[in-house]
Protein chains: 2
Amino acid sequence: MLRHGPLKIRGNRMNTEKKPRRRKSTRLSQDQRVSDILAAANDLIDTKGYENVTMVEIAERSHIVEGTVYRYFKNKDELMLRVAEDWLRLKLADLLDVSALNGTYNKLRYLIWHSLKVIVSKPAVTRYIMLEVRPRESYKTTELFSINRAYTNQLRKLFADAISSGEMKRGVPERLLRDMVFGTIEHSTWRYLRGEGDLDVDELADEIAMVVFHGMSDRQPVTNPLEASLARIEAVAERLEKAVPAG
Amino acid sequence: MLRHGPLKIRGNRMNTEKKPRRRKSTRLSQDQRVSDILAAANDLIDTKGYENVTMVEIAERSHIVEGTVYRYFKNKDELMLRVAEDWLRLKLADLLDVSALNGTYNKLRYLIWHSLKVIVSKPAVTRYIMLEVRPRESYKTTELFSINRAYTNQLRKLFADAISSGEMKRGVPERLLRDMVFGTIEHSTWRYLRGEGDLDVDELADEIAMVVFHGMSDRQPVTNPLEASLARIEAVAERLEKAVPAG
DNA sequence: GCGGCATAATAAGCCTTACTCATCTTACCA
DNA sequence: TGGTAAGATGAGTAAGGCTTATTATGCCGC
């Protein structure tokens with residue numbers, strides 16, 4: 001199938017084929033065109049998934065021709081990046097300062113909850129960022145990387161507050177804790193991002209915060225009878241130790 | 001640029017152009033061809049990154065022509081999947097049964113260490129799996145998904161052992177703990193997978209195991225609460241025995 | 001050795017999609 | 001109202017995945 005109509009008008013005696021008519025065009029302001037294109041791209045990404053949108057489609061939905069898109073965006077990647085940046089910037093604009101929240105756990109839960117909200121609000125673009133932008137060598141020089149710093153910064157505050165309140169011990173590499181928090185969030189959302197079912201953001205935020213905060217090991221009051229028994233004996237031991245004069 | 005030599009031989013009076021010479025071909029056994037192709041694909045993926053290898057290149061390096069590759073692999077995706085599957089299956093073949101290891105922490109550390117070893121052994125294919133296979137809707141019906149179950153199964157054993165020894169409390173969704181373990185591993189390796197520097201597998205395994213085991217909150221790095229508890233009691237008992245006059 | 005033949009391998013293309021560019025056209029302004 | 005800068009168009013290219021008609025090779029029976 002030819003993309004642009006017949007290549008050659010076959011001449012027959014009385015040429016009944018109309019010569020290809022150039023479509024009527026309208027000149028819009030730069031801003032209007034750009035926002036038309038961005039809107040079209042957004043719609044298409046959301047409905048078809050970022051990997052399936054083509055420049056022709058974006059152009060059609062913007063009521064222009066493919067070549068015109070390239071007047072406003074250097075290439076497809078720049079357009080997609082712009083969509084992602086605009087969205088993420090908007091979403092992170094209302095991120096609270098966690099220092100205002102009460103307690104390490106609440107701060108943590110809030111950050112996790114916020115990330116999940118962002119992801120759920122536009123899964124297709126999240127996929128784009130996770131699959132196309134973050135893996136790049138140049139990721140760290142990316143605008144998206146800078147925007148994401150908002151989370152990193154809040155997490156840093158959380159750590160500072162938690163250390164000064166004694167809830168966290170000093171010395172654990174911040175990098176690792178970050179990887180644990182965001183790694184758990186991302187891994188938890190893959191099922192959703194793959195299109196398998198919904199996501200209960202509030203419940204999941206609770207669960208993730210809990211597991212990340214406490215880790216795998218048991219630290220709650222013991223339920224195991226053997227341990228309970230030991231705990232009682234320990235308590236007695238402690239009392240006796242105090243009672244008996246140091247010898 | 002034409003991909004396959006001149007399309008049309010322009011006839012001039014005395015045709016001095018040699019007619020396109022069909023290259024000499026050799027027929028190999030099915031097995032030999034397949035393994036040639038797989039070897040070529042492997043080399044190319046490792047050296048150029050999976051996103052940059054083309055079917056023509058794979059064919060050239062296998063000393064055949066593009067079309068021939070399609071006799072042995074339905075399409076590019078099937079070929080790439082095969083490369084990934086063969087590799088991962090081989091790598092997971094020697095995964096130990098964690099029940100043989102001593103203590104939850106050691107089991108955990110071993111699983112993390114093993115994953116990291118696998119990732120480091122072929123980062124280009126790891127990227128392919130993480131960026132192309134796992135995001136698919138069909139991922140769970142994939143051979144790679146099945147192969148990966150080896151980890152899941154070992155992790156399940158770890159949980160079972162840890163619960164029965166009292167180190168972990170019952171009731172935390174297994175899914176979440178899995179997401180924490182593997183999410184932290186993956187997030188920790190992105191810098192490396194992006195090509196930013198090396199990875200000290202042993203050190204990182206220790207760090208991840210530590211942070212995943214204990215979580216963010218401050219706690220003693222106790223490896224076995226029962227043993228720790230007994231140790232404390234014994235110390236007290238010893239002191240008391242010395243302090244209290246023999247009755 | 002030799003000829004027939006199943007099928008491996010080749011060469012030439014097709015299709016899609018990102019991107020380019022010469023040409024046409026429009027809106028604005030003098 | 002007409003000249004013009006720049007916006008918009010249509011046609012085309014390149015690259016890469018995939019298909020297929022044709023060629024020729026190695027095997028097998030004789």
Side-chain angles (χ1 to χ4, degrees), chain A residues 1-9 17-37 40-41 44-45 48-82 132, chain B residues 1-10 17-37 40-41 44-45 48-81 132:
Chain A
M1 206 261 275
L2 296 170
R3 257 176 62 215
H4 301 287
L7 283 189
K8 295 178 181 182
I9 306 291
E17 306 186 42
K18 15 185 168 189
K19 64 180 64 166
R21 198 125 210 81
R22 189 188 167 103
R23 71 191 256 186
K24 196 187 134 230
S25 66
T26 23
R27 296 166 72 137
L28 289 188
S29 76
Q30 194 118 328
D31 283 359
Q32 189 56 54
R33 272 280 179 264
V34 167
S35 70
D36 282 2
I37 294 170
L44 287 167
I45 291 171
K48 317 184 54 177
Y50 82 91
E51 46 269 270
N52 302 316
V53 337
T54 70
M55 291 302 265
V56 186
E57 283 176 314
I58 294 172
E60 274 169 5
R61 187 174 280 240
S62 317
H63 313 292
I64 52 179
V65 121
E66 196 178 2
T68 306
V69 180
Y70 287 90
R71 176 171 300 283
Y72 299 98
F73 294 93
K74 203 164 93 251
N75 50 38
K76 189 182 183 181
D77 195 57
E78 204 173 73
L79 170 51
M80 302 288 280
L81 276 176
R82 177 69 183 281
E132 301 289 330
Chain B
M1 206 261 276
L2 296 170
R3 261 177 57 216
H4 301 287
L7 284 189
K8 296 177 182 185
I9 307 291
R10 220 80 74 61
E17 305 186 41
K18 9 183 175 192
K19 65 181 62 166
R21 197 121 211 82
R22 188 188 166 102
R23 72 191 256 185
K24 195 187 136 235
S25 67
T26 23
R27 295 166 75 133
L28 288 188
S29 76
Q30 194 118 328
D31 283 359
Q32 188 57 53
R33 271 281 177 262
V34 166
S35 71
D36 281 3
I37 294 170
L44 286 166
I45 291 171
K48 316 185 55 178
Y50 81 91
E51 46 270 270
N52 301 317
V53 337
T54 70
M55 291 303 264
V56 185
E57 283 175 315
I58 293 173
E60 275 169 4
R61 187 174 280 240
S62 317
H63 313 292
I64 52 179
V65 122
E66 195 179 2
T68 305
V69 180
Y70 286 89
R71 175 171 302 282
Y72 299 98
F73 295 93
K74 202 163 93 250
N75 50 38
K76 189 183 184 182
D77 195 58
E78 204 173 74
L79 170 51
M80 302 288 280
L81 276 176
E132 301 290 330

Undergrad: Among the candidates D:dG7, D:dC18, D:dG10, find the nucleotide nearest to the side-chain atoms of A:V65.
TA: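 The listed nucleotide nearest to A:V65's side chain is D:dG10.
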Undergrad: Contact between A:I45 and A:M80 at the side-chain level, heavy atoms closer than 4.5 Å - yes or no?
TA: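 The answer is yes; the side chains approach within 4.5 Å.
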Undergrad: Let me know, please, whether A:K24 or B:M55 comes out on the 5' side of the other along DNA chain D by nearest nucleotide.
TA: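 The residue closer to the strand's 5' end, by nearest nucleotide, is A:K24.
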Undergrad: Contact class for B:F73 (heavy atom, under 4.0 Å): base, sugar-phosphate, or nothing?
TA: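 If one applies the 4.0 Å heavy-atom cut-off, B:F73 turns out to touch nothing in the nucleic acid.
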Undergrad: Identify each atom pair where a protein N or O and an N or O of nucleotides 21-23 of chain D are less than 3.5 Å apart, giving names and distance.
TA:
unit_1	atom_1	unit_2	atom_2	d
D:dT23	O4'	B:R22	NH1	3.3
D:dT23	O2	B:R22	NH2	3.0

Undergrad: Report the residues that fulfil side chain to side chain contact (heavy atoms under 4.5 Å, CB included) with B:E57, sequence neighbours left out, ordered by chain and then residue number.
TA: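 Result, side chain to side chain contact (heavy atoms under 4.5 Å, CB included) vs B:E57: B:L44, B:K48, B:V53, B:T54.
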Undergrad: Rounded to the nearest Å, what distance is computed from the CD atom of residue A:E57 to the P atom of nucleotide C:dT16?
TA: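 So the two atoms are 13 Å apart, to the nearest Å.
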Undergrad: Give the rounded distance in Å between these two atoms: CG of A:L28 and C1' of D:dT9.
TA: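 Interatomic distance, CG of A:L28 to C1' of D:dT9: 15 Å.
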Undergrad: Tell me whether the OP1 or OP2 atom of D:dT20 has a side-chain N or O from B:Y70 closer than 4.0 Å.
TA: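 It does not, given that no N or O in the side chain of B:Y70 lies less than 4.0 Å from OP1 or OP2 of D:dT20.
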Undergrad: Measuring only between side-chain heavy atoms, which start at C-beta, is A:D77 closer than 4.5 Å to A:L81?
TA: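 Yes, side chains in contact.
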Undergrad: Between P on C:dC19 and CD1 on A:I58, what's the gap in Å once rounded to a whole number?
TA: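 Taking CD1 of A:I58 and P of C:dC19, I get 11 Å after rounding.
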Undergrad: Hey, which sits more toward the 5' end of DNA chain D by its nearest nucleotide, B:G67 or A:G67?
TA: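 Comparing both residues, the 5'-ward one is A:G67.
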Undergrad: Determine the contact category for B:T54: base if any of its heavy atoms lies under 4.0 Å from a base atom, sugar-phosphate if only primed atoms, P, OP1 or OP2 are that close, otherwise nothing.
TA: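 Since only primed, P, OP1 and OP2 atoms lie under 4.0 Å of B:T54, the category is sugar-phosphate.
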Undergrad: I need the CD-P distance between B:E60 and D:dG16, as an integer number of Å.
TA: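 Result: 11 Å.
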Undergrad: Does B:Y50 have any ring-ring contact (aromatic ring centres under 6.0 Å, His included) partners at least two apart in sequence or in another chain, and if so, which?
TA: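 Testing B:Y50 for ring-ring contact (aromatic ring centres under 6.0 Å, His included), a comparison that skips the adjacent residues, returns B:Y128.
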Undergrad: Phosphate oxygens OP1/OP2 of C:dA8: is one of them under 4.0 Å from a side-chain N or O of B:T68?
TA: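 For C:dA8, OP1/OP2 do not have a side-chain N/O of B:T68 under 4.0 Å.
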Undergrad: What residues form a side chain to side chain donor-acceptor pair (under 3.5 Å) with B:R61, not counting sequence neighbours?
TA: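 Checked B:R61 against side chain to side chain donor-acceptor pair (under 3.5 Å); matches are B:D43.
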Undergrad: Using atom NZ of B:K76 as one end and atom P of D:dT19 as the other, report the distance to the nearest whole Å.
TA: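 These atoms are roughly 15 Å apart.
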Undergrad: Can you sort out the partners of B:Y72 under side chain to side chain contact (heavy atoms under 4.5 Å, CB included), two or more places apart, ordered by chain and number?
TA: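 Scan of B:Y72 (side chain to side chain contact (heavy atoms under 4.5 Å, CB included), adjacent residues dropped) gives B:Q30, B:R33, B:V34, B:I37, B:T68.
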Undergrad: Could you check how far CD of A:Q30 sits from P of C:dA27, rounded to whole Å?
TA: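 Interatomic distance, CD of A:Q30 to P of C:dA27: 16 Å.
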Undergrad: Describe the nucleic acid contact of A:V53 in one word from base, sugar-phosphate, nothing, applying a heavy-atom distance below 4.0 Å.
TA: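 The residue A:V53 makes sugar-phosphate contact but no base contact.
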Undergrad: Who passes side chain to side chain contact (heavy atoms under 4.5 Å, CB included) against A:Q32, sequence neighbours left out?
TA: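 Here the qualifying residues are A:L28, A:S29, A:S35, A:D36.
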Undergrad: Without decimals, in angstroms, what is the distance between A:D36 CG and D:dA8 P?
TA: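 Distance check: A:D36 CG to D:dA8 P gives 10 Å.
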Undergrad: Could you state the CD-P distance from B:E66 to D:dA15, rounded to the nearest angstrom?
TA: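 Rounding to the nearest Å, CD of B:E66 and P of D:dA15 are 14 Å apart.
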